[in-house]
Amino acid sequence: AQQGRVREKTYGKQKIYFADQEQLPATSDAELCGLDGEIAALSAKVQALQQSCRQMEAELKDLNSSMTTSEMAEEIKELKKDCANYTEKLERIKSATNHVTPEEKEKVCGEQKLYCREWRRRKRMATELLDAILEGYPKSKKQFFEEVGIETDEDHNVALPAGV
């Protein structure tokens, strides 16, 4: 700063030093335009290289996430084994002679609905009867069930089939 090559400015407690631009040679407008053109060309080149780099990174990521030839061969081997197992299972099912006819299936489903309706009806009747008894009973419902020996569906984790 004392020799005049660098200028000094003071802002409060801070001092800032910067090159004295008056000592630099002046550039013409033509040179500035040339430098601007060079900057634009280099910026375009940088963008093109960055785009190419992104594409290559994406390709590398895809290649790293894909299976190798040996992994693919192992996967094909596993799938063929599964396919053979399923084919064997299908053949066993097809060759079985104890198929259920649609009429038998309909009959069984009808019986299930009938028995579930009857189960609900009887459970409702028993509940109403027990509630009537418990109105005049001095102890709790649980104690009454224990004394009489009543076991409920809930005691055995049994529930009516839904939607039947």
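When reading the values below, keep in mind they use all heavy atoms of this one structure, side chains included, and skip hydrogens, waters and symmetry mates. Just so it is clear, the model here is predicted, and its values are computed rather than measured. Residues: numbered from 1 along the sequence shown.
Atom OH of Y86 has 12 or fewer heavy atoms from other residues, nucleotides or ligands within 6.0 Å. Heavy atoms from other residues, nucleotides or ligands lying under 6.0 Å from CD of E38 number 12 at most. Heavy atoms of other residues, nucleotides or ligands lying less than 6.0 angstrom from NZ of K141 number 12 at most. Residue-environment remark: CD (E91) exceeds the threshold of 12 foreign heavy atoms within 6.0 Å. Remark: D29 CG is loosely packed, at most 12 non-hydrogen atoms of other residues, nucleotides or ligands lying under 6.0 Å away.
Side chain of Q14 to backbone of Y11: no donor-acceptor contact under 3.5 angstrom is found. Distance alone, capped at 3.5 Å, places no donor-acceptor pair between the S52 side chain and the A48 backbone.
Under the 4.5 Å side-chain contact rule for hydrophobic residues, L49 and M56 do not share a cluster. A continuous path of Ile, Leu, Val, Met, Phe, Trp and Tyr side chains, each step under 4.5 Å between heavy atoms, connects V148 with I133, placing both in one hydrophobic cluster. L129 and L134 fall within a single hydrophobic cluster, where Ile, Leu, Val, Met, Phe, Trp and Tyr are joined by side-chain heavy atoms under 4.5 Å apart, directly or via other members. No continuous path of ILVMFWY side-chain contacts below 4.5 Å connects V108 to L114, so the two sit in separate hydrophobic clusters.
For S43, the side-chain contact (heavy atoms from CB on, under 4.5 Å) criterion is met by I39, not counting sequence neighbours. Taking E57 as the reference, C53 meet the side-chain contact (heavy atoms from CB on, under 4.5 Å) condition, with sequence neighbours excluded.
Counting only heavy atoms from C-beta outward, the side chains of E103 and K107 never approach each other to under 4.5 Å. Between T127 and R124, every side-chain heavy-atom pair lies at or beyond the 4.5 Å cut-off. Side chains of W119 and D153 form a contact here, defined as non-hydrogen atoms less than 4.5 Å apart. Counting heavy atoms from C-beta on, the side chains of Q51 and R54 come closer than 4.5 Å.
Ion pair E154/K142 not flagged as a salt bridge, since none of the NZ, NE, NH1 or NH2 atoms sits closer than 4.0 Å to an Asp/Glu carboxylate oxygen. Taking a cutoff of 4.0 Å between a charged side-chain nitrogen and a carboxylate oxygen, R121 and E118 qualify as a salt bridge.
For the residue pair V6 and F18, the shortest heavy atom distance occurs at CG1-O, 3.3 Å. The nearest pair of heavy atoms linking I150 to D155 is O-OD2, 4.1 Å. The minimum heavy-atom distance between S66 and E71, with the atom names listed, is O-OE1, 4.5 Å.
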